Number of protein chains: 2
Amino acid sequence: MDVSRLRIACSTCSTCSTCSTCSTCSLAQLCLPFSLSARDVSELDGVVQRRRTIHRRQYLYRADEPFHAVYAVRSGILKTSHLAAYGEEQITGFHLPGEILGWDAIMSWAHPCDAVAVETASVCVLPFERLEELARTIPSLQRQILRLMSRELFQDHEALVAMARRPAEERVVVALLSFSERFARLGRSPTALRLPMTRGELSNYLGLAPETLSRVFRRLQASSLLRASGHEVVLHDLAALRQLVGDGASVNRQSQSG
Amino acid sequence: MDVSRLRIACSTCSTCSTCSTCSTCSLAQLCLPFSLSARDVSELDGVVQRRRTIHRRQYLYRADEPFHAVYAVRSGILKTSHLAAYGEEQITGFHLPGEILGWDAIMSWAHPCDAVAVETASVCVLPFERLEELARTIPSLQRQILRLMSRELFQDHEALVAMARRPAEERVVVALLSFSERFARLGRSPTALRLPMTRGELSNYLGLAPETLSRVFRRLQASSLLRASGHEVVLHDLAALRQLVGDGASVNRQSQSG
DNA sequence: CGTAATTTTGACGCGCGTCAAAGCTTGTGG
DNA sequence: CCACAAGCTTTGACGCGCGTCAAAATTACG
């Protein structure tokens, strides 16, 4: 799927008129690989007018809250975390600009997890029922919604596989490479990463103790595969890192299309 | 969502004319909580005509095969398994009658995993593009597809949480309780389970060594919480098992609606 | 009924979680 | 702009849960 073929004009993004050139557009994920009629464009535009800003540590939504909308991240990073037994939280995802969260609430019509800003973030509110209606009249939008949910399923399966079979070091590298690719898609550097979440959040996401994550970082640093200081991480050898986790292509085969 | 309100007549299921009374109907998952016009019914019916039988150990589809359809399980159990690094497989799900698999292929238009019959199974082929078309004219079908994918997202997150935070024993019990509920929904006993997969498959699914699973079963048996012999497992005390994993309601809050 | 696959059992070791304490950041108020 | 406090991160010591290996017991299947 060639990103350069995106042709929808999108008024929510102030820095561009066509999504094909603007990788940080909050609606990159909803922008369609096919052209839309002017009418469709204006309707889609109408859906995405409302914005919300969520400051660091604040909730976008909480578990058990009624479901009204999904959210496209415009800037900043959010995390979704589930309550595990007992009291402990488990982070199931970090959500970068251009990504959409909230799909897991459709079934029960309530959010099954908390969504919290890891750093101050801005999101675009996409009222679900309006999106649904619109999807009926715009086939490529319907397809795109299914594609996005499908991708999330795929990614969750990848995460499950990593959790079940990979040792600590590989899990960390898998996560770093995932961030690298997603940042690259946003036009940022794939090697100089700014990870605003705490070590504790990252280790929780990976199913590790913070101490273990720290030790893994130390070891990777000793092998000069990366350099980490605070929230800045520099990956020195992407190829070597990819090789470490036994791949380079297959792990994230799906991640470029969207 | 009251199952008794299901009113769609479904010709693919020979044992009933209305899904409200037939819990084993292969299309239970697609049957809608709202009534449909006679025209809608016949169109939906047309989509689900084709069947496939898959014998034990045979593939329904393989990783990287092009995507054409999702599949509703009519009878038997299938597993979906991903290739992990290196050579090792990781089972990401078991699929019981009434459940639908294949949604994770929409994004890349190719199946990201293998689907194999754990015991001889029969599935209903649901050509995706016809389903998509139909969803445009039947809003409640569109909604239902989104709900099903949403539920799978939710369940994957639950699995992730269990994998990341629960010790071996709890993971096993969580899985057993999940099977119990799903069998119950099919009108089978929630306490006398027939688990056709091998211990190796079950342990793989749980991210454990077969030896560990065996020992966990022995311990649970010693506490007379259950009795396992071969593929037959009898749960003696559902309440105690639920308490063991710190819950009974919240873990599967979403599982009854569908 | 015999051979292969699966399951169980025991012994053992290691990866990673836990605990505790010492650096290091970050943010706030004087 | 510095000082102090609260939180975050790192380090080391230690123990345990679970994976690994090996072999016996059981089951499945031709």
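Note that the structure is a prediction, hence the values are computed from the model and not measured. Chain naming here is simple, since letters A, B, ... match the order of the sequence lines and numbering starts at 1 in each.
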Exercise for review: Assign each of P210(A) and G230(A) to its nearest nucleotide of DNA chain C by heavy atoms, then name whichever residue's nucleotide is nearer the 5' end.
Suggested key: P210(A)

Write out a two-atom table: protein N or O, nucleotide N or O from nucleotides 3-7 of chain C, distance below 3.5 Å.
from	atom 1	to	atom 2	distance (Å)
dT7(C)	OP1	R199(B)	N	2.9
dT7(C)	OP2	R199(B)	N	3.1
dT7(C)	OP2	G200(B)	N	3.2

Study note, to complete from the structure: Hits for side-chain hydrogen bond (donor to acceptor under 3.5 Å, both in side chains) against Q58(B), two or more places apart or cross-chain, chain-then-number order -> none

Exercise for review: Just call it for A168(A): base, sugar-phosphate, or nothing, with non-hydrogen atoms closer than 4.0 Å on any strand.
Suggested key: sugar-phosphate

Exercise for review: For R171(B), report the nucleic acid contact type (base, sugar-phosphate, nothing); a contact means any heavy atom under 4.0 Å.
Suggested key: nothing

**Study point:** Qualifying salt bridge (charged side-chain N to carboxylate O under 4.0 Å, His left out) pairs, either residue in residues 208-230 of chain B, two or more places apart
**Key:** E169(B)-R219(B)

Check your understanding: With a 4.0 Å cut-off on heavy atoms, is R218(B) in touch with a base, just the backbone sugar-phosphate, or nothing at all?
Key -> sugar-phosphate

Check your understanding: Between T80(B) and H95(B), do the side chains contain an N or O donor and an N or O acceptor separated by less than 3.5 Å?
Key -> yes

Practice item. Answer yes or no: is there a donor N or O on one side and an acceptor on the other, between the side chain of R52(B) and the main chain of V123(B), under 3.5 Å? Key: no

**Study point:** Partner set under side-chain hydrogen bond (donor to acceptor under 3.5 Å, both in side chains) for S81(A), not counting sequence neighbours
**Key:** E89(A)

Review point. How would you label the contact of L208(B) with the nucleic acid (heavy atoms, under 4.0 Å): base, sugar-phosphate, or nothing?
Key: sugar-phosphate

**Study point:** Degree of bending, the helix from dC1(C)-dG30(D) to dG30(C)-dC1(D) (end axes from five pairs; round to 10°)
**Key:** 50°

Point to revise | side-chain hydrogen bond (donor to acceptor under 3.5 Å, both in side chains) partners of S223(A), counting only residues at least two apart | key: none

**Study point:** Contacts of R182(B) that satisfy salt bridge (charged side-chain N to carboxylate O under 4.0 Å, His left out) - sequence neighbours left out
**Key:** E99(B)

**Study point:** Pairwise ring pair (Phe, Tyr, Trp, His ring centres under 6.0 Å) hits with a residue in residues 209-229 of chain A, at least two apart
**Key:** none

**Study point:** side chain to side chain contact (heavy atoms under 4.5 Å, CB included) partners for A159(A), two or more places apart
**Key:** L160(B)

Revision key, fill the gap. In the 5' to 3' direction, the nucleotides of DNA chain D bounding the stretch that comes under 4.0 Å of a heavy atom in chain B are dC18(D) to dC29(D)

Check your understanding: Which residue, R56(B) or L213(B), contacts DNA chain D at a nucleotide closer to its 5' end, judged by nearest heavy atom?
Key -> L213(B)

Review point. For D114(B), what residues pass the side-chain hydrogen bond (donor to acceptor under 3.5 Å, both in side chains) criterion, not counting sequence neighbours?
Key: none

Taking distance alone, no hydrogens or angles, what donor-acceptor pairs closer than 3.5 Å link side-chain atoms of residues 194-202 of chain B to residues at least two apart or in another chain?
from	atom 1	to	atom 2	distance (Å)
R194(B)	NH1	E119(B)	OE1	3.2
T198(B)	OG1	G200(B)	N	3.4
T198(B)	OG1	E201(B)	N	3.0
R199(B)	NH1	G230(B)	O	3.2
R199(B)	NH2	G230(B)	O	2.9
E201(B)	OE1	T198(B)	N	2.9
E201(B)	OE2	R57(B)	NH2	3.0
E201(B)	OE2	K79(B)	NZ	2.9

Review point. Which part of the nucleic acid, if any, lies within reach of P167(A) when heavy atoms closer than 4.0 Å are counted: base, sugar-phosphate only, or nothing?
Key: sugar-phosphate

